[in-house]
Amino acid sequence: FRAILEKLCAWPGAGAIDDAVLLDFWWSVMGDNAPEEEYVAWRDFFRGPAYRQRPAAETVAAMTLTITMNPYFLLHK
């Protein structure tokens, strides 16, 4: 998890927005509790204009919050 987080801390650098990095982070928090469409929507939101140029600390906190507030996560835990 730490290695994934270190990559995300380079946000909005190219390595941090890589699908592999974002997917690893998603899986490490969400697990297999949600369908792929949930991941795609989450990923696209953070790659979009709302977070594309935000600082890493703000973005990673928001990423974590949105995963843990996702109904699929809440209903499973």
Side-chain angles (χ1 to χ4, degrees):
F1 184 77
R2 182 179 177 164
I4 298 164
L5 212 48
E6 287 176 358
K7 291 176 185 175
L8 278 178
C9 285
W11 190 272
I17 65 167
D18 268 1
D19 195 50
V21 173
L22 294 173
L23 187 60
D24 283 347
F25 183 71
W26 172 267
W27 279 104
S28 69
V29 179
M30 176 64 81
D32 62 354
N33 301 320
E36 184 179 353
E37 295 82 22
E38 290 290 314
Y39 163 71
V40 171
W42 175 86
R43 177 200 65 199
D44 292 350
F45 175 74
F46 284 102
R47 283 182 171 171
Y51 280 92
R52 185 69 175 128
Q53 297 302 319
R54 301 279 180 131
E58 179 183 342
T59 302
V60 173
M63 288 176 165
T64 306
L65 179 64
T66 57
I67 293 172
T68 58
M69 296 305 293
N70 184 295
Y72 287 99
F73 181 86
L74 293 170
L75 291 173
H76 182 357
K77 302 295 176 191

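Starting from 1, each residue takes its place in the sequence as its number. Source: prediction; values computed, not measured. What's counted below: heavy atoms across the whole structure, side chains too, no hydrogens, waters or symmetry copies.
Smallest separation of non-hydrogen atoms from Thr68 and Val29: CG2-CG1, 4.1 Å. Taking all atoms of both residues into account, the shortest heavy-atom contact from Ala10 to Ala16 is C-CB, 3.9 Å. Across every non-hydrogen atom of Phe46 and Thr66, the tightest pair is CE1-OG1, 3.5 Å. The shortest non-hydrogen separation linking Arg52 to Arg47 is CD-O, 3.4 Å. Closest approach of Cys9 to Ala56, counting heavy atoms only: O-CB, 3.4 Å.
At least one side-chain heavy atom of Trp42 sits under 4.5 Å from a side-chain heavy atom of Phe25. Side-chain contact between Met30 and Asn33 is present, with heavy atoms from C-beta onward closer than 4.5 Å. Side chains of Thr64 and Val60 form a contact here, defined as non-hydrogen atoms less than 4.5 Å apart. Between Pro35 and Tyr72, some side-chain heavy-atom pair lies under the 4.5 Å cut-off.
For the atom pair CD1 of Ile67 and CG of Asn70, the computed distance is 8.5 Å after rounding to the nearest 0.5 Å. Between atom CG of residue Asp44 and atom CG of residue Leu22 there is a gap of 10.0 Å, rounded to the nearest 0.5 Å.
Under the 3.5 Å distance criterion, the side-chain polar atoms of Asp18 are left unmatched by any main-chain donor or acceptor of Ala20. Of the possible polar contacts, none joining the Trp11 side chain to the Gln53 backbone as a donor-acceptor pair under 3.5 Å is found. Not a single donor-acceptor pair under 3.5 Å links the side chain of Arg43 to the backbone N or O of Leu23.
When only modelled atom types and interatomic distance are considered, Asp19 and Tyr39 share a side-chain donor-acceptor pair under 3.5 Å.
Hydrophobic cluster membership is shared by Phe1 and Met63, with clusters built from Ile, Leu, Val, Met, Phe, Trp and Tyr side chains linked at under 4.5 angstrom. With hydrophobic clusters built from ILVMFWY side chains whose heavy atoms lie under 4.5 angstrom apart, Trp26 does not share a cluster with Leu65.
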